Amino acid sequence: METVIATERLNKKFGEGDLQINALREVDLTIQRGEFTAIVGPSGSGKTTLLNILCGLDLPTSGEIRVSGKPLSSMNGTELSRFRRNHIGLVFQAYNLIPVLTVLENIEYVMLLQGISPRERKDRVRDFLGRIGLEGKEKRFPSELSGGQQQRVAIARAMVSEPDLILADEPTANLDSETGSQLLDMMRRFNREQKMTFIFSTHDPMIMERATRLITLTDGKIVQDERRE
Amino acid sequence: MFWKLAWRNLWRNRTRTLLSSFVIAFGLSALVFVDGLMEGMTVNMVRNATDTFLGHAQLHRQGFRDELDVKRTIADLDQRIASLEQHPDLERWSKRVLSQGMLASSAGAEPVLVIGVDPKRERDLSKFDEGIRDGNYLESASGNDMLVGSKLAEKLELQLGDRIVLTGIDADTQEMVQELFRLGGIFHMGTREMDEAMVLAPLQTLQKMLLLEEGVHEVAFRFSNLDRDGFPQTPVMLPVDDRKNKLQLWSELMPALNMMKEWSGVSMSIISIILFFIIGLGITNTLLMGLYERMFELGVIKSLGTTPWQATRLMFYEAACLGLVSVLFGIVLSILFTWIFATAGIDYTGIEFSGVTFQEKIYPALRWERLVQYPFWTFGFTMVASIYPSWKLFRMMPVEALRKRKF
Ligand SMILES: Nc1ncnc2c1ncn2[C@@H]1O[C@H](COP(=O)(O)OP(=O)(O)OP(=O)(O)O)[C@@H](O)[C@H]1O
Ligand SMILES: [Mg+2]
């Protein structure tokens with residue numbers, strides 16, 4: 001088994017003094033390649049905070065994150081940006097896409113930052129458009145798509161740059177259950193076919209059903225870590 | 001891709017972008033217009049001064065202009081004129097005798113500056129001939145006709161044909177000399193100095209009266225093919241060994257006029273800086289508004305792995321697009337404005353300003369290089385104005401931005 005990302009005693013505190021919140025406490029977490037992990041827990045338990053720290057968007061108060069053995073704390077802003085660009089795919093709850101770019105351009109965006117050749121970009125985009133079932137819609141702008149379609153584009157964008165890890169913060173929260181379940185099936189398929197590693201934060205039972213690993217956070221602490229197959 | 005992003009972002013809020021680019025364009029064209037107006041005004045003033053009486057350059061004996069000493073006639077006159085005639089752009093010249101004196105009529109006496117001219121030569125150099133209101137211009141370089149200004153004629157209650165006596169001091173013995181003239185014409189030039197205190201008399205008559213023989217005090221020169229600032233393109237010079245005479249261009253003869261020109265340059269710079277500052281603030285505001293409005297989206301862009309520098313570039317490109325659109329728009333407006341007024345002209349006629357009267361309408365003179373310079377600076381200021389928003393974007397933490405998500 002191959003470790004994609006590992007954390008050591010992560011702590012995250014917000015605020016000072018009496019108002020201090022311990023959003024994460026002593027989080028030790030190791031994610032293996034190919035896992036389809038759901039992080040669950042009540043609102044305010046620190047799920048979003050954990051995901052933000054995992055991708056270097058936020059810094060822990062203490063503790064370390066290692067990606068392929070390399071500590072994130074050693075990177076500066078630009079290196080963190082490059083790290084996200086090359087190793088992480090991000091999907092948010094909503095408004096993921098850049099509204100002034102078309103579907104095609106949105107999917108291309110990260111590859112452009114990576115400096116992938118136009119030819120290869122085109123091939124990969126075409127490939128993904130097929131896989132997410134949005135062929136023929138590549139010239140549309142996000143506002144011309146439904147919420148489910150937008151999320152599919154966001155997932156395609158996250159995957160197309162072939163990251164090690166996809167982090168999705170409540171990706172189905174804004175979708176109806178039918179659309180949500182289709183989206184999840186799609187991600188699960190990518191997970192199986194390509195051994196793509198996913199971490200979700202969610203309240204959604206549909207995600208929990210499909211997850212191969214279920215981590216429960218309460219008040220910033222991992223209280224349960226359950227593997228299923 | 002960044003250009004595409006920037007360009008499309010700019011047009012997301014069309015009204016705001018159009019408004020701010022209109023403000024920039026308007027400011028720019030106002031600058032170009034005011035610049036053109038000032039330019040037109042100074043050109044007009046300079047031309048007025050040089051065409052009315054001054055000429056483009058004058059030759060005198062050293063020190064003559066300080067006290068108008070009758071004895072100080074130009075040395076080696078004929079050689080000097082001959083050598084200046086070699087100048088490729090010399091159009092014409094006119095010899096003048098200048099003397100202070102008293103002019104007396106039956107109604108009283110007034111101090112005057114009498115100018116002795118050869119009317120044939122003087123006709124094309126000064127505008128006294130065009131300014132004649134009553135009577136006729138001088139007919140020859142001899143005889144006893146005299147022209148006086150309108151105000152002086154009023155003071156001395158002169159009628160055409162009246163006898164008038166000029167008293168002066170001769171150059172030889174420094175004695176008082178008198179000569180009887182007949183009023184041949186009255187001119188009105190619109191400048192108080194000229195209308196109140198200048199009189200024109202035939203050159204040879206004055207030379208005889210003041211015992212000057214062939215001597216003159218002043219030669220005025222007119223050139224063609226002037227540069228834009230009103231100077232001859234080829235330098236006008238006396239031989240280096242001529243220490244007795246002095247040749248001066250209009251800018252030295254009328255330093256006030258030259259100062260005016262320089263001052264209009266200075267005030268233009270001040271106006272430009274103020275305007276550019278306002279324009280800059282407007283741009284900063286537009287960009288910042290766009291930035292705050294799109295916080296979440298920019299958070300997404302940054303979280304996808306856009307480096308801080310790339311994000312900054314995005315903001316710069318947006319500013320560049322805005323600047324470019326505005327500047328193009330501004331150039332069109334500038335040309336339009338200036339063209340309209342340059343065709344119609346602005347009527348300042350008859351207003352006296354630092355001793356010079358505007359004789360004609362003012363036509364804003366558009367200098368083509370201004371259409372490069374001002375837009376260039378406007379664009380530059382646009383880019384400077386985008387530094388702060390860019391820095392904001394550079395510093396922006398994506399997590400903070402992402403927390404601004406709308407549910
Ligand atoms: N930037 C911040 N400043 C202060 N407190 C914060 C900040 N971000 C998060 N918190 C606090 O940290 C705790 C964890 O928040 P987090 O958003 O990670 O919870 P969550 O599990 O994602 O909740 P939800 O299920 O509602 O999304 C909460 O108490 C929250 O108020
Ligand atoms: Mg959350």
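These numbers come from the heavy atoms of this one structure, side chains and all, not from hydrogens, waters or symmetry mates. Chain letters run A, B, ... following the sequence lines, proteins first and then strands; every chain starts at 1. In this text the structure is predicted, and so the values were computed from the model without any measurement.
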Task: Heavy-atom proximity to chain B below 4.5 Å, by part of E105(A) - done: both
Task: Part of K4(B) lying under 4.5 Å from any heavy atom of chain A - done: side chain
Task: Part of L101(A) within contact of chain B (heavy atom distance under 4.5 Å) - done: both
TODO: Can you tell which part of N96(A) gets under 4.5 Å to a heavy atom of chain B, answering side chain, backbone, both or neither?
DONE: backbone
Open item on the list: I need the residue from G299(B), S303(B), P398(B) with the largest number of non-hydrogen atom pairs under 4.5 Å to chain A.
Closed with: S303(B)
TODO: Enter the distance from H87(A):NE2 to S161(A):OG here, rounded to the nearest 0.5 Å.
DONE: 10.5 Å
Open item on the list: Before you tell me yes or no, could you show the steps for I5(A) and L29(A) under side chain to side chain contact (heavy atoms under 4.5 Å, CB included), namely the whole-Å CA-CA distance, both residues' side-chain angles and the distance that decides it to 0.1 Å?
Closed with: CA-CA 8 Å; I5(A) 198 162; L29(A) 183 63; over 6 Å; no
Task: Pairing of E26(A) and K221(A) as salt bridge, 4.0 angstrom limit - done: no
Task: Contact class of F83(A) relative to chain B, heavy atoms under 4.5 angstrom - done: neither
Open item on the list: Counting neighbours of CH2 on W391(B) that are heavy atoms of other residues, nucleotides or ligands and sit closer than 6.0 Å, is the number greater than 12?
Closed with: no
Task: Cationic tip of R313(B) above F316(B) ring, under 6.0 Å, 45° of axis - done: no
